[in-house]
Protein chains: 2
Amino acid sequence: MSSAVETLSNGQFQTVYNVFSFALASMLFTALFLLVSQGRVLPRYRQALVVSATVCGIAAYHYFRIINSFNEGFAPTAIGGDYTLTPFGFNEAYRYVDWLLTVPLLLLETIAVLALPRATRASLLTKLIPASVLMIALGYPGEVAIDTLPKMLWGAASTIPFLYILYVLFVELTKSLGRQPAEVAASVKRLRILLIATWGVYPISYLFPVFGLDGADAFVLRQVGYSVADVLAKCLYGLVIYKIARMKSAADDPVFAEQEFEEAPSSEARATAAA
Amino acid sequence: MSSAVETLSNGQFQTVYNVFSFALASMLFTALFLLVSQGRVLPRYRQALVVSATVCGIAAYHYFRIINSFNEGFAPTAIGGDYTLTPFGFNEAYRYVDWLLTVPLLLLETIAVLALPRATRASLLTKLIPASVLMIALGYPGEVAIDTLPKMLWGAASTIPFLYILYVLFVELTKSLGRQPAEVAASVKRLRILLIATWGVYPISYLFPVFGLDGADAFVLRQVGYSVADVLAKCLYGLVIYKIARMKSAADDPVFAEQEFEEAPSSEARATAAA
C-alpha cells in the first residue's frame, strides 16, 4: 500500500515526522515504564502489565519502521522546499501488521487485569480475541481498495466483529464487575470509554477517501489522527491498566497497600507486617 | 543460495517485506515476553521459557538479516513500479542457519517443560537432538540443488530423521504423559499437532521447484509460507510452552496458584502461605 500523495510541503513533512517521533517515544518509554514497574503490583496482576508493555513495544517497533519508510519515501527538493515521493514509496501497511498483533493483546490485558475466575476469563477471551483478529483482517482489503464500493463493503464486514466486541465488553463483562471494588469498577468503565473514543478514530480515517479527502492535507491529518489515537489507545490505556492493577493490589493485600501507598507506616502496621 | 526471481511487482515486494517485518516483530516480542515472564512460572519450568525465548530471539536476528538482504537485493525502478534484482542478490541461506540452531532447541524446550525424571529426559534428548541436526543438514544440499534428482534424494534422506523424531514424540513421549495432569497431557497433544502442522509447510515449500513453481508468485508464496510457519512453530509454540508451564506450576504448588490466579486470597490461604 503506497500513498497516493506525491508532494508534501516542508512544513507538512516535518509535522508528520515529528508526530511519528512523538508516537515512537511514547510507545517505547511506556513499554519500559510498565516493565520496570512490575514490582509495584501483586504477582497476579503482572501478566497484565507485561502484556501492556508488549503492546507498546510492538507499536514502538512499527513506528520505527514507519519513520524509516517515510524518510525513504519522500525526499526534499531544495533547502526549505517541498518533499516529493521517491521510488521507494511510503509503506503504511505496517499499521495493519501492528494492529493484527496489538489489538488482540489490548483485549487480553483488559481481561487479565481483572483477575477474573478462570472459566469467566477463558469464556471472554474466546469471544474477544477471534473477533478482533477478524475485525483487522476484514478491514485491510478495504483500506487498500481504491473503489468506494469494495471499501464500504469490507468496512461494513469489519464493523460486525467490532460491534460484537463492544457487546462482549459492555454487556457480558459488566456482569462480572459487581465482584470488583467500587473504584476498580469505575476505572474499568472509564477504560471502556477510552477504548471506544480512540478506536472510533480509525474508521473515520479509513473513510477519508470516501469523503473525497485525499490530498496532502488529508494525508497529514490521517497520519496525525492515527498516531494520536495509537498513543491514547496503547500508552494511556496501558497506564490506566497499571492504575487498576495498583488499586486492586492495594484492595487485595493491606500490607502491600501500606508499603506502597502510605506516607509513613504506623507502628501498629509495622508490628502486623513483622508478625 | 540466490533467488532465481529477477523481477517483483511493487505489490509483491511490499507483501514479502511486510510479512518479514511481521515475523521479526512476532519473534522479537515473543522472546522479550518469555524472558520477562519468568517469575510467572515456578523455577523448575524457567529453563523451558529461557530456551523458548532463545529460539525466538535467534529467529528475530535472522529475520533482521533476511529483511536487510531482501531490501538490498531488490531495488525499485520507478514510483509504484517493479522491483528488480540487484547484484547483491537475495540471500536466503540464513533460514538453514536459523533452523540448525532453533530446531534442536525447540525439541529441548518441549522436553524441558514436562519436568520429566532425569533418565527419561536424557534418553529422549539423546534421540531427538542428533536427529534434528541431521534432518536440517541433509535438507540443505537438496535446497540448493538445481536438478530434480539430487533434490529428491537429499529430501528423502532428510525425511528419515524427521520420521524418527515423530516416532519419538508420538510413541516414546506418550509413555510419560500418563504422569502429567490431564489438562497438561491435552496441551502436549495439541503441541505435537502444532509441530506436525507447521513443520509440514517446510517440505511443501522445498518441493516448489520440483512442481515447476518458480516464478515471482511462487517466490512470494514460499516466503509467506516459510514466515507464517516460522511464527507458528516458534512464537505460538513458545506461548503454548508458557501456558503448559503456568498450568504445571499451578498444579505443583497451591500457594503459587493462589498468588498468580485467584482474585483475592482467602484468609486460610494467607495462613498457609505464612506457615
Side-chain angles (χ1 to χ4, degrees), chain A residues 1-2 4 6 31 34-36 38-39 42-47 49-51 53-62 64-65 68-69 72-73 84-89 91-94 96-98 100-102 105 114-118 120-121 144 176 179-181 248 251-253 255 275, chain B residues 10-11 13-15 17-41 60 64 67 71 74-84 183 231 235 239 242 246-247 249-250 255-266 269-270 273-274:
Chain A
M1 177 173 51
S2 292
E6 300 208 346
L34 292 170
L35 282 184
V36 299
Q38 282 196 68
L42 290 179
R44 72 175 66 95
Y45 303 111
R46 290 184 190 156
Q47 171 110 310
L49 259 56
V50 172
V51 174
T54 305
V55 165
C56 293
I58 291 173
Y61 165 81
H62 284 109
F64 181 79
R65 287 247 170 246
N68 269 9
S69 174
E72 275 194 331
T84 55
L85 195 65
T86 71
F88 292 104
N91 179 351
E92 227 190 315
Y94 298 125
Y96 275 81
V97 178
D98 180 74
L100 196 62
L101 293 166
T102 56
L105 291 175
L114 297 175
L116 299 170
R118 181 186 289 248
T120 314
R121 194 180 63 215
V144 296
S176 63
R179 301 181 66 232
Q180 305 285 335
K248 285 181 65 80
D252 289 0
D253 182 344
V255 175
Chain B
N10 200 292
F13 180 88
Q14 304 293 353
T15 301
Y17 196 96
N18 293 338
V19 168
F20 285 166
S21 179
F22 162 77
L24 170 49
S26 304
M27 298 294 183
L28 180 60
F29 289 95
T30 306
L32 294 176
F33 174 85
L34 292 169
L35 283 183
V36 298
S37 298
Q38 282 197 69
R40 308 272 68 73
V41 302
F64 181 79
I67 286 182
N71 219 16
F74 289 91
T77 49
I79 294 174
D82 289 348
Y83 280 71
T84 54
E183 56 173 1
V231 169
C235 300
L239 294 174
Y242 172 68
R246 292 270 286 174
M247 290 190 303
S249 298
V255 175
F256 174 88
E258 192 93 31
Q259 276 180 348
E260 285 283 330
F261 291 101
E262 297 303 318
E263 182 159 358
S266 61
R270 281 217 188 110

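Letters go in sequence order (proteins before strands), and every chain restarts at 1.
Your options are B:Ile79, B:Thr77, B:Val36, and the one with the most heavy-atom pairs under 4.5 Å with chain A is B:Ile79. Each of A:Ile58, A:Thr54, A:Val97, A:Leu42 has some count of heavy-atom pairs under 4.5 Å with chain B, and the biggest count is that of A:Ile58.
Aromatic pair B:Tyr83/B:Phe13: centroids less than 6.0 angstrom apart.
At a 4.5 Å heavy-atom cutoff, the contact between A:Leu101 and chain B is made by side-chain atoms alone. Both the backbone and the side chain of B:Ser21 come within contact range of chain A, each with at least one heavy atom under 4.5 Å from a heavy atom of that chain.
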For this session: Take B:Arg246 and B:Glu260, measure what salt bridge (charged side-chain N to carboxylate O under 4.0 Å, His left out) needs, and give me the verdict at the end.
Result: CA-CA 9 Å; B:Arg246 292 270 286 174; B:Glu260 285 283 330; 2.6 Å; yes

Problem set entry | side-chain hydrogen bond (donor to acceptor under 3.5 Å, both in side chains) assessment of A:Asn91 paired with B:Asn18 | CA-CA 9 Å; A:Asn91 179 351; B:Asn18 293 338; 2.8 Å; yes

Exercise. Between A:Glu92 and B:Gln14, does a side chain to side chain contact (heavy atoms under 4.5 Å, CB included) hold up when you go through it step by step?
Worked result: CA-CA 10 Å; A:Glu92 227 190 315; B:Gln14 304 293 353; over 6 Å; no

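Proximity to chain A at a heavy-atom threshold of 4.5 Å picks out B:Phe29, B:Phe33 from residues 27-35 of chain B, in numerical order.
Between the side chain of A:Lys248 and the backbone N or O of A:Leu114 there is at least one donor-acceptor pair closer than 3.5 Å.
Not counting sequence neighbours, B:Phe256 has no partner by the ring-ring contact (aromatic ring centres under 6.0 Å, His included) test.
Cation-pi check for A:Arg118 over B:Phe261 is met; the charged atom lies under 6.0 angstrom from the ring centroid and within 45 degrees of its normal.
Judged purely by distance below 3.5 Å, without hydrogens or angles, the side chains of A:Tyr61 and A:Asp98 never pair a donor atom with an acceptor atom.
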